[in-house]
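The next block holds one structure in the form of structure tokens; read it before the comments.
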Amino acid sequence: QVQLAESGGGSVQAGGSLRLSCAASGYTYSAYCLGWFRQAPGKGREGVAVLNTGSGRTYIADSVKGRFTVSQDNAKNTLYLQMNSLKPEDTAMYYCAADDSYCSTTYLAHPDDFDYWGQGTQVTVSA
């Protein structure tokens, strides 16, 4: 059973930084698509970044490109989301997701393609 556990959320002022972590277990880490999604109150789930664990290739949403980076530590089976220059509009619940496929940029727009989800970690950015 795939399990994902996010951590690292919190409250920060605009312009600040946070690093989210997603500890993954229960599958062959080197053969999955992992992703970060976020959901603000009253809005749908938005793709932030996805990463192919085998190749390390990443795809970043235009809304956060240049500010957010996604990376992995294979030895720790952990996915990271480094968020810099945070803005109030980045405020949301951030979720880690996994799917046993090779992801592409289209996966950012299709959260339903992911079979496994963490519980989420809240990020709040104040002006």
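In this structure, Val123 is a member of the same hydrophobic cluster as Val48, with clusters built from ILVMFWY side-chain heavy atoms closer than 4.5 Å. Hydrophobic cluster membership differs between Val70 and Tyr59, with clusters built from Ile, Leu, Val, Met, Phe, Trp and Tyr side chains linked at under 4.5 angstrom. Both Ile60 and Leu51 sit in one connected hydrophobic cluster of ILVMFWY residues. Membership requires side-chain heavy atoms under 4.5 Å apart, directly or through other members. Clustering ILVMFWY residues whenever any of their side-chain heavy atoms sit less than 4.5 angstrom apart, transitively, puts Leu4 in the very cluster that holds Tyr32. Two different hydrophobic clusters hold Met93 and Leu34 under the rule that ILVMFWY side chains link at heavy-atom gaps under 4.5 Å.
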After noting the C-alpha distance and the side-chain angles of Ser21 and Lys76, does the key distance pass the side-chain contact (heavy atoms from CB on, under 4.5 Å) rule?
CA-CA 11 Å; Ser21 299; Lys76 296 181 180 180; over 6 Å; no

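Side-chain atoms of Thr91 come within 3.5 Å of backbone N or O of Val125 as a donor-acceptor pair.
The salt bridge (Lys or Arg N to Asp or Glu O under 4.0 Å) check on Asp62 picks up Lys65, with sequence neighbours excluded.
Sequence neighbours left out, not one pair with a member in residues 104-124 passes salt bridge (charged side-chain N to carboxylate O under 4.0 Å, His left out). Sorted by first and then second residue, the salt bridge (charged side-chain N to carboxylate O under 4.0 Å, His left out) pairs with a member in residues 79-91 read Arg38-Asp90, Arg67-Asp90; sequence neighbours excluded.
Atom OH of residue Tyr80 and atom CG of residue Leu20 lie 11.5 Å apart, to the nearest 0.5 angstrom. The CD atom of Glu6 lies 5.5 Å from the SG atom of Cys22; values are rounded to the nearest 0.5 Å. Separation of atoms CG (Asn52) and OG (Ser104) is listed at 8.5 Å; rounding is to 0.5 Å. Separating the CG atom in Leu79 from the OG1 atom in Thr53 is a distance of 9.5 Å, to the nearest 0.5 Å. Between Phe68 atom CZ and Thr58 atom OG1 the span is 14.0 Å, to the nearest 0.5 Å. One finds the OG1 atom of Thr69 at 7.0 Å from the CG atom of Leu81 (value rounded to the nearest 0.5 Å).
Phe37 pairs in a ring-ring contact (aromatic ring centres under 6.0 Å, His included) with only one of the listed residues (Tyr95, Tyr94, Phe114), which is Phe114.
Here the shortest heavy-atom pairing between Pro88 and Ser126 reads CG-C, 4.4 Å. Heavy atoms only, all atoms of each residue included: Ala40 and Ala92 are closest at N-CB, 3.8 Å. Shortest non-hydrogen contact noted between Gly9 and Thr121 is N-OG1, 3.1 Å. Looking at every heavy atom in both residues, Ser17 comes nearest to Ser85 through OG-N, 4.3 Å.
You'll find the side chain of Trp36 reaches within 4.5 Å of the side chain of Cys96, heavy atoms only.
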